[in-house]
**Student:** 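Submitted below is the structure of interest, expressed as structure tokens.
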Number of protein chains: 4
Amino acid sequence: MAAGTGHRRGSDTKAEIRSVAMELFTEKGYEATSLREIAERLGVTKAALYYHFTSKEDIVVSLFAEHLATFDELIAWARTQTPGPQLLTQAIDRMIDMASERGSRMVRFALANQRVIKDLHPGHQSVHERMNTLFEALTGPGASVEEALRIRMALLSVNFTYFAAQGLDASDAEVTAAARSIAHLLNPVTAEASAAAAPVTPPVAEAPAVG
Amino acid sequence: MAAGTGHRRGSDTKAEIRSVAMELFTEKGYEATSLREIAERLGVTKAALYYHFTSKEDIVVSLFAEHLATFDELIAWARTQTPGPQLLTQAIDRMIDMASERGSRMVRFALANQRVIKDLHPGHQSVHERMNTLFEALTGPGASVEEALRIRMALLSVNFTYFAAQGLDASDAEVTAAARSIAHLLNPVTAEASAAAAPVTPPVAEAPAVG
Amino acid sequence: MAAGTGHRRGSDTKAEIRSVAMELFTEKGYEATSLREIAERLGVTKAALYYHFTSKEDIVVSLFAEHLATFDELIAWARTQTPGPQLLTQAIDRMIDMASERGSRMVRFALANQRVIKDLHPGHQSVHERMNTLFEALTGPGASVEEALRIRMALLSVNFTYFAAQGLDASDAEVTAAARSIAHLLNPVTAEASAAAAPVTPPVAEAPAVG
Amino acid sequence: MAAGTGHRRGSDTKAEIRSVAMELFTEKGYEATSLREIAERLGVTKAALYYHFTSKEDIVVSLFAEHLATFDELIAWARTQTPGPQLLTQAIDRMIDMASERGSRMVRFALANQRVIKDLHPGHQSVHERMNTLFEALTGPGASVEEALRIRMALLSVNFTYFAAQGLDASDAEVTAAARSIAHLLNPVTAEASAAAAPVTPPVAEAPAVG
DNA sequence: CATGAATGAGCTTTCATTCAT
DNA sequence: AATGAATGAAAGCTCATTCAT
């Protein structure tokens, strides 16, 4: 029969929730993070979270949505292009750009929460289905298993490189740069050309002809 | 009342628990798998699990232990070797061999449970610490960030390639083979040599002499 | 900015709340109906409900009040009458009339929410106390348990008949008519007289003389 | 990391849970009774309830099941009989017998929890469907609405009479007896015969001829 | 070698209610 | 006349863990 005090904080609680959730989900994982923890860190009650989000899952969906939008654009763009060697190279670069623009936050988040993300179906399509759509748009029909895997690895290289960089003293920029050069090493198209020349530095410059 | 074990399950309940846990931890993750589930699948009570393991964590430790042993051997071996280009190449091959021998089970398990594994400290050293030990043994002191990352990516390529292969119709052998060729592509040492030659097919055969 | 109410809903939000609450309380019961639901159906916030009512209970009190008023009139009237056979017969008819005038809405509502209603004490007297007051006014002091129960059943027959009619394809008018005839069958006074005559069809018409 | 004491109470906790739940569900209703309350009354934790029942609903199902079994027998029996005037009379008596055997507990319970009971579908059929099955077995195809309702009311008379008896100082036996006589008054078959005779006293004895 | 019975802590979620604006 | 933002309490439920038998 008694109840709370209502309204208090002036600014943007919803944004703060997202921010704290992002941090905790990345640090400890979605499943291991409780709503109590998020609320406590914010000096708010659990019920307040439910004013802004309909469920715990809703928070994670909301966090992932912005990333997904950019990703969906990439897919849409890829579909409009005519398949060919250049497309793949461009797609890889776009993928890395996506990550470097938003900084490493989202990559780390996605890495730490694959499982939940795998279960989400925002916009009637799972992330895996989208991924496969992209792969298919880039991979010709007659690709070998190895070729297909190299393309996949190239596209996912940012994620993996960030994972591998754990414990290494390197800036986000350095990691992203390494991811880019790795991606192009894996790219079956550029690999042959650039291989003989500059294996370590990113093949940003013109590809020198091979003897 | 007659002679015999007096219990219905033949012998190796402990092994069965490990087997079921392996399956479920890989499928749904450690945190999302409850002891109830494991027990139910085995037709045993939860309490029975506590006869064989002291805690839930104990199960995961036990599962990871065998993998860790092989890995520790790899580290020990690497430390005895004199650093140099060949060491790295051999280490990569050993790493892939480890995975292909045990089959993909352990790789998938480790992939699905990085977080718990990260928190384990079996033998007074975390997996990450061991990983870094290995990296340091293989990477010379003056290595650039990019070089370091390529080495790490090369060593972890089996894991990542299995991840990337999700949704692709490929056998374990095919994935492992692709991982091997990817690893060697990333290897700063072999990359220069093999690049001009056989970028796609695995360099299993003898290394062609370099001009 | 122009003249007018300045708000979108014409006027009688309070009435709309009552109407929606009536519907939901009847359909799902008081306890199982949340204020959120009521508010949502109305396109209003929960807080708005508190502008018009002081509590959830206040809503149910308000809904039941109109029914109670009519009922209190019946009690008051009964008390002014001299006890006797005719009084009971008239009281039963008034009881049924009450229901048929307001339609079945209130009967169904009361049926679905006995428990809350039992806990209400509007006007310093619970519904049960009022009921007993009425029963006492109608039942002579020397009545047997069975006689008392038949009178009670007769007075409550509308409610019970509506309950029993669930799943039967019958109009409100038909149910009310059946309730009336059942009530009079149970009435110890009229029973003897009408019994020999028209047991099934309602004794709406004049009672044909017996023998 | 700390945990409970395990095993303590020697006897039949499950039965005690059922007993306490029966009491509370009847007194305050299913929805208004919390598992915490049940547990507290028993000096047990909520989790203990979940050892014995899979859910709150499971408790109510379990409580209602015994009643339902008897009821299903009645339906099964009714279906084997050839329809006719006697069948109805016998069915009514069986219905009342059911209640008087088990005492009033179940009747009061059912009365207080219609809503939950309505939502249960034990054995792939709701209580309402069963009720209708019985009604159809007893009511001829050409029955009028009023006739149908009188039969229904007759069969449900125990329930309703117990409800009506609230606040009246009467023993279970007296209430049951009254319910029986009321049921037979409503029975279209016996009504005609007994009407002329003994409307108030139960028609168990022979009907004395009227002057 | 294993079960039966239980615990305590915690989880996600919902509810009625409040109050400054 | 009504909303936006929040609260405190409680609900149903699950989990890892314990221990006498």
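Reckoned from all heavy atoms, side chains included, excluding hydrogens, waters and symmetry mates. Order of the sequence lines fixes the chain letters, A, B, ..., with proteins taken first and strands second; residue numbering starts at 1 for each chain.
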**Student:** Strictly below 4.0 Å, N to O, side chains only: are B/R41 and B/E37 in salt-bridge contact?
**Tutor:**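 Salt bridge absent between B/R41 and B/E37.
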
**Student:** Output yes when C/E27 and C/R108 qualify as a salt bridge under the 4.0 Å nitrogen-oxygen rule, no when they do not.
**Tutor:**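 Looking at C/E27 and C/R108, the cut-off is not met.
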
**Student:** Nearest heavy atom decides the nucleotide; on that basis, is C/E31 or D/A48 closer to the 5' end of DNA chain E?
**Tutor:**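 Checking each residue's closest nucleotide, the 5'-ward one belongs to D/A48.
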
**Student:** In whole angstrom, give the distance that lies between atom CG of C/D12 and atom C1' of F/dA1.
**Tutor:**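 Computing the C/D12:CG to F/dA1:C1' distance gives 13 Å.
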
**Student:** Base, sugar-phosphate, or nothing: which does B/T54 touch, judged by heavy atoms less than 4.0 Å apart?
**Tutor:** nothing

**Student:** To the nearest angstrom, how far is C/L24 atom CG from E/dA16 atom P?
**Tutor:** 12 Å

**Student:** Nearest whole angstrom, please: distance from the P of F/dT7 to the CD of A/E40.
**Tutor:** 13 Å

**Student:** Give a yes/no verdict on a cation-pi contact between A/K14 and A/Y51, requiring under 6.0 Å between NZ or CZ and the six-membered ring centre and an angle within 45° of the axis.
**Tutor:**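 Not flagged: A/K14 not positioned over aromatic ring of A/Y51.
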
**Student:** Between atom CG in A/D58 and atom C1' in E/dT12, what is the gap in whole Å?
**Tutor:**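 From A/D58 CG to E/dT12 C1': 14 Å.
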
**Student:** When you check the gap from the basic side-chain N to the acidic O, do C/E31 and D/K28 get nearer than 4.0 Å?
**Tutor:**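 Here C/E31 does not pair with D/K28 in a salt bridge, since their nearest N and O are not under 4.0 Å apart.
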
**Student:** Distance criterion of 3.5 Å, no angle test: do you see the side chain of B/K46 paired donor-to-acceptor with the base of E/dT3?
**Tutor:**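 Check fails, no donor-acceptor contact within cut-off.
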
**Student:** Counting Watson-Crick and G-U wobble pairs only, both distances under 3.5 Å, name the nucleotide matched with F/dG12, or none.
**Tutor:**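 Pair assignment: F/dG12 / E/dC11.
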
**Student:** Nearest to the side chain of D/R36, heavy atoms from C-beta on, is which of F/dA10, E/dG4, E/dT14?
**Tutor:** F/dA10

**Student:** Between B/I59 (CD1) and F/dA16 (P), how many Å, whole number?
**Tutor:**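 Atom-to-atom, B/I59 to F/dA16, this comes out as 9 Å.
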
**Student:** By nearest atom, which of the nucleotides F/dT17, F/dA6, E/dC11 is closest to the B/L35 side chain?
**Tutor:**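 Selected nucleotide (nearest to the side chain): F/dT17.
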
**Student:** Of all the choices, F/dG8, F/dA11, E/dT12, which nucleotide is nearest to the side chain of A/K56 once you look at every atom?
**Tutor:** E/dT12

**Student:** Measure from CZ on C/F53 to P on E/dA16 and round the result to the nearest Å.
**Tutor:** 15 Å

**Student:** Who does F/dA6 pair with, Watson-Crick or G-U, both distances under 3.5 Å?
**Tutor:** E/dT17

**Student:** When the nearest nucleotide of DNA chain E is assigned to C/Y30 and to A/S55 on a heavy-atom basis, which residue is associated with the more 5' position?
**Tutor:**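 Of the two residues, A/S55 wins.
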
**Student:** Can you see if the side chain of D/T13 gets near the phosphate of E/dA6 - specifically, an N or O under 4.0 Å from OP1 or OP2?
**Tutor:**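 For D/T13, the contact criterion (side-chain N or O under 4.0 Å from OP1 or OP2 of E/dA6) is met.
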
**Student:** Any side-chain N or O of C/Y50 below 4.0 angstrom from OP1/OP2 of E/dT17?
**Tutor:**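 For E/dT17, OP1 or OP2 has a side-chain N or O of C/Y50 closer than 4.0 Å.
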
**Student:** Within less than 4.0 Å of OP1 or OP2 of E/dG4, is there a side-chain N or O belonging to B/T45?
**Tutor:** no

**Student:** Between P on F/dA5 and CG on A/L49, what's the gap in Å once rounded to a whole number?
**Tutor:**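 Taking atom P of F/dA5 as the reference, CG of A/L49 is at 14 Å.
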
**Student:** Can you tell which of A/V20, A/I59, A/V116 makes a side chain to side chain contact (heavy atoms under 4.5 Å, CB included) with A/F25?
**Tutor:**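 Filter result, single survivor: A/I59.
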
**Student:** Given F/dA2, is OP1 or OP2 found less than 4.0 Å from the side-chain N or O atoms of C/Y51?
**Tutor:** no

**Student:** Using atom types as modelled and distance alone, determine if a side-chain donor or acceptor of D/T33 lies under 3.5 Å from a backbone N or O of D/G29.
**Tutor:**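 Yes: the side chain of D/T33 pairs with the backbone of D/G29.
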
**Student:** Heavy-atom nearest nucleotide on DNA chain F for B/A47 versus D/A47: which residue maps closer to 5'?
**Tutor:** D/A47

**Student:** Considering just the side-chain nitrogens and oxygens of D/H52, establish if one lies under 4.0 Å of OP1 or OP2 belonging to E/dA6.
**Tutor:**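 Indeed, a polar side-chain atom of D/H52 lies that close.
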
**Student:** Provide, to the nearest angstrom, the distance between the CD1 atom belonging to C/I38 and the C1' atom belonging to E/dC15.
**Tutor:**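 Answer to the nearest Å: 12 Å.
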
